Amino acid sequence: MNTAQHMHDQHSGMARTCLGGTTRNRLFLGFPAYPSQIRETARALAYGRNTANGTSSQPITPPGVTHDASSAPFPMIRWPRVLTWGLSVVVLMNVWMAYCEYVVRASRLNGSHFPVALVAAMAALVLAVWPLLKAIGGSRWGTSTPERHLVLVMGFVGAAIPANGLTGFMMGIIATPYYYATPENNWASFHPLIPGWIVPPDTHHAMRWFFNGLPPGEPIPWHVWWIPLIWWFSLAAAIMGVCLALSIILRKQWVEYERLSYPLVEASKCLLAGNDDPGGRRPVWQSRLFWVGTTVAAFILVYNTFAWFDPRWPMIDIAGRGIVLFRGVPDLKTRINFLTVGLSYFAPQQVLGSLIVACLVTTAEAGAFARVGFSLDPAGDSWTNDNVAIGWQSFGAMMVFVLWGLWQARRHFVAVWRSALRGTDDGTEMLSYRVALVVLTLSLFYMTMWLHEAGMDVSFALTFVFFTVIGYLALGRMVAEAGYVYQRVPISPQSATVYTLGVESFHPATMAGFAFSYALIANGRGLFMPAVVQATRLADSSGKAARKALGAIALAFVVGFVVSVVYTLYLGYTYGAFNFRVYPFSGGNYEAFAHTIRKIKNPFGPDLARLSMAGAGSAVMAGLIFLRYRFPGFAFHPIGMVFPFTYLTRFAAFSMSIAWLVKFILLRLGGVELYRKTQQLFLGLAVGYALGVAYSFVVDWIYFPGAGHGIHSW
């Protein structure tokens, strides 16, 4: 047999093996593999497409690869250096974000799943600080690419804590019941239902001073906060345990079996690549396209700051406006957010297109509901979709999407369970499966018991925890599969629980505990789950040191929590938290209790209308999943129906449409090769935008303190 024939037979055997395994394991389970499915699978493998979910799998050769790095020696991880830089980034995120929003009153810096402040900080390190240190001290002061990944891992966790993350709503909620109580709203009748350990007492006007500022000569009453904060920290730690355990258990399923693309992680790796990058990527500073994108985005933001000093200065409008196509149809936002444009370019084209189509379809649906007068008001809280009916429809779709994903991973879960029982550990995960399952079980149990002690009935607490975990899984999957920069759940777990179980059969103490659950709302963005999903995937690049990365994540969480809480208390008692003029302290905190007390005064049972809309959404999602798995060529990705009409989607859809259109054209003109080359251009747009936001903060800090310009939001 000649060499060519031998290679042909070898490749044919490999193809048969891949096709058989893929068709058997990834197509709709229970259906035979038809010839058309096999052909589609072969085509998908050739183009790197995952037949299970329709997303693009990771390219075999990463963008910018100039050599085969598979045999390159893995750089040594110097942990003192990693922890020093990582903790510096964590502290910076928690101080900068709080000061920017509360004191300067400028842009929201952590409203996305890859916060703009974190992008700016890492870009400054990659483009200026680390190269300068390496030029001065050589390799002794330089950082390797895996070390940079671990620094960003800590940054992801730290950036999820301040302001619109954990501490903003937590601090605002637990200080609210006493400060906002008036004879008119009769909140005083609510106070006996509040456990003493869950909120700081209003001893010597401690809560009033927190919102209004300390009188001259008065010390900060730190002592009234310690006990409640310790208990809230324990709950936050349990939530972090749930997120970590789930991300560890699901990592192999999502990364190795389903081959999800992790767009934000891929963008991060392109940004952090050095000359020793394990994937062979080139450093971004060597790309002209990167600098073109950076210059364009940064120039627009820097140019617009001149109008702050002279209103006659013509601005480049990227804020956009709302366009109403037909009367009664919700407007379509035209805001251009270069962070969204740049990072969406790394997302699978089919997923982006599906979200855009779903947004247009649900916009038309909302208009149709308005024309016929159908609505499900009231919303229930401020974190439910503007259109409640579509919100519950999306919630039903989200439930089926998550539960189907778990069913699809059942064989992996069996392997996890067997590994846990046998105590086997291959060392590839941050925790062994046995420990991960123990952490998950204990954390869920502690969350439920904590909420029960806070006043919730056990059944109510269990339902709330269930819906919370479903939301976390949906957002974690969204970050891993679609990379939507801005997204939140369509219905808050609080509303889902209340309207599923009703209120009339529960004691008012349950509703008191329910009100305090909004301390964990984090604007409905899944709290730690999206950050941890990205962190565990990014930690893969640290090789055998991935297990030690768990300690870095834990340290980032603890330090970030302490720094954020202490600094928020300091700013509150110095400037007055009410004067922050941000939603967690002067709107959302009040509404959480107002909505709850309104439900106590007007009790109701399970809401069948809302549950019917959820059932309709579930049926739609089930049909889309069936079509997706029955017909691999079906173009619409089901994830589009999970988040089609959220407030964040409506603002981001136009920017994602730009990324989708450019990507569509370039793929048709130059194929995958041209797409990979232009990734640096779009990464530059995101980095330039982040640096421009940082520059605008400096201008506001110097010239407009307390009256900053919120140029960056959703």
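This structure is a prediction, so every number in the text was calculated from the model and none was measured. We're numbering straight along the sequence, starting at 1.
- Residues M240 and V157 form a side-chain contact, since some pair of their non-hydrogen atoms from C-beta on lies under 4.5 Å apart.
- Contact record, T536 with S247: CG2-OG, 3.4 Å, taken as the closest heavy-atom pair.
- In terms of modelled atom types and a separation under 3.5 Å, the side chain of Y486 and the main chain of S713 share a donor-acceptor contact.
- At a threshold of 4.5 Å between non-hydrogen side-chain atoms, the residues H113 and Q534 count as touching.
- Residue N589 comes nearest to S586 through the heavy atom pair OD1-N, 3.5 Å, listed as atom of the first residue, atom of the second, then distance.
- Atom CD1 of I336 is separated from atom CD1 of I318 by 7.0 Å, given to the nearest 0.5 angstrom.
- No more than 12 heavy atoms of other residues, nucleotides or ligands lie within 6.0 Å of CD1 in I227, so this atom counts as exposed by the packing criterion.
- In this structure, the side chain of R105 engages the main chain of G706 through a donor-acceptor pair within 3.5 Å.
- A donor-acceptor pair under 3.5 Å links the side-chain atoms of T145 to the main chain of G274, judged by distance alone.
- At least one donor-acceptor pair under 3.5 Å links the side chain of W232 to the backbone N or O of I198.
- Evaluation of the side chain to side chain donor-acceptor pair (under 3.5 Å) rule for Y647 yields no partner, not counting sequence neighbours.
- Remark: side-chain polar atoms of T294 are not paired, donor with acceptor, to backbone N or O of W291 under 3.5 angstrom.
- Proximity of L214 to T574: side-chain heavy atoms (C-beta onward) are nowhere separated by under 4.5 Å.
- A ring-centre distance under 6.0 Å is found for H709 and F704.
- For F557 and F233, the distance between ring centers is under 6.0 angstrom.
- When the shell of 6.0 Å around OH of Y446 is examined, it contains more than 12 heavy atoms from other residues, nucleotides or ligands.
- Of the candidates Q679, R537, R281, R281 is the only one forming a side-chain hydrogen bond (donor to acceptor under 3.5 Å, both in side chains) with E266.
- Between the side chain of S107 and the backbone N or O of G710, no donor-acceptor pair lies under 3.5 Å.
- Comment: R251 engages D540 in a salt bridge, judged by a side-chain N to carboxylate O separation of less than 4.0 angstrom.
- How far CG of L437 is from CD1 of I248: 10.5 Å, rounded to the nearest 0.5 Å.
- In this structure, W450 has its ring center at least 6.0 angstrom away from the ring center of W231.
- A donor atom on one side chain and an acceptor atom on the other are found under 3.5 Å apart for S382 and Y583.
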*Working for side chain to side chain donor-acceptor pair (under 3.5 Å), residues R148 and T143*: CA-CA 7 Å; R148 297 176 182 185; T143 54; 3.2 Å; yes
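- Scanning both residues, W96 and A120, for their nearest heavy atoms gives CH2-CB, 4.3 Å.
- Side chain of S443 to main chain of G241: no donor-acceptor pair is present (N/O by atom type, distance under 3.5 Å, no hydrogens or angles).
- Under the 30°/60° scheme for interplanar angles, the aromatic rings of Y345 and F682 are found to lie parallel.
- In this structure, L118 CG and L109 CG are separated by 11.0 Å, a value rounded to the nearest 0.5 Å.
- T448 places none of its side-chain heavy atoms less than 4.5 Å from the side chain of F464.
- For T649 and Q487, the side-chain atoms include at least one donor-acceptor pair closer than 3.5 Å.
- The structure places OG of S112 at 9.5 Å from CG of L648, a figure rounded to the nearest 0.5 Å.
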Q. Hey, mind stepping through I77 and K548 against side chain to side chain contact (heavy atoms under 4.5 Å, CB included) and telling me if it holds?
A. CA-CA 10 Å; I77 304 294; K548 294 182 180 179; over 6 Å; no
* To do: With side chain to side chain donor-acceptor pair (under 3.5 Å) as the test, would you mind laying out the steps for S432 and D425 before giving the verdict?
  => CA-CA 6 Å; S432 68; D425 180 15; 4.8 Å; no
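- Looking at heavy atoms from C-beta onward, Y590 lies out of side-chain contact with F585 at the 4.5 angstrom threshold.
- With ring centers used as reference points, F211 lies 6.0 Å or more from F578.
- Remark: the backbone N or O of V698 is not paired with any side-chain donor or acceptor of Y703 at under 3.5 angstrom.
- Shown here for L83 and A552, the closest heavy-atom pair between the two residues is CD2-CB, 4.1 Å.
- Taking every heavy atom of both residues into account, S564 and N94 meet most closely at CB-OD1, 3.2 Å.
- Residues passing the side chain to side chain donor-acceptor pair (under 3.5 Å) test with E147, sequence neighbours excluded: R78, S144.
- Few gaps surround NZ on K252; more than 12 heavy atoms of other groups in view lie less than 6.0 Å from it.
- With rounding to the nearest 0.5 angstrom, the CG atom of L685 is 11.5 Å from the OG atom of S344.
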Side chain to side chain contact (heavy atoms under 4.5 Å, CB included) between F467 and I491, intermediate numbers included | CA-CA 10 Å; F467 286 139; I491 297 292; over 6 Å; no
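- No hydrogens or angles considered: a donor-acceptor pair under 3.5 Å links the side chains of D381 and Y518.
- Enclosure of atom CH2 in W197 by more than 12 non-hydrogen atoms of other residues, nucleotides or ligands within 6.0 angstrom is indicated.
- For the residue pair N337 and S655, no side-chain donor N or O sits within less than 3.5 Å of a side-chain acceptor on the partner.
- In this pair, F156 and F114 present their aromatic rings tilted. The plane angle is within the 30 to 60° band.
- Annotation: the span from W225 atom CH2 to T568 atom OG1 amounts to 9.5 Å, rounded to 0.5 Å.
- Two residues are said to be in side-chain contact when any heavy atoms from C-beta on lie closer than 4.5 Å; M170 and F561 meet this criterion.
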Can you list the steps and then say if V439 with L244 is a side chain to side chain contact (heavy atoms under 4.5 Å, CB included)? CA-CA 9 Å; V439 170; L244 274 171; over 6 Å; no
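- No side-chain heavy atom of V103 sits less than 4.5 Å from a side-chain heavy atom of P705.
- R581 has no carboxylate O lying under 4.0 Å from a charged side-chain N of E101, or vice versa, which leaves the two without a salt bridge.
- Looking only at side-chain heavy atoms (C-beta outward), F290 and V687 come within less than 4.5 Å of each other.
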- Message: Run L691 and V119 through side chain to side chain contact (heavy atoms under 4.5 Å, CB included) and show every step you take.
- Response: CA-CA 8 Å; L691 294 176; V119 176; over 6 Å; no
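- Here the two rings, on Y472 and F528, have centers that are 6.0 Å apart or farther.
- The closest donor-acceptor contact from the side chain of R81 to the backbone of G142 lies under 3.5 Å.
- Between I249 and A436, the closest heavy-atom pair is CG1-CB, 4.0 Å.
- Panel note: side chain R525, backbone R488; no donor-acceptor pair is recorded below 3.5 Å.
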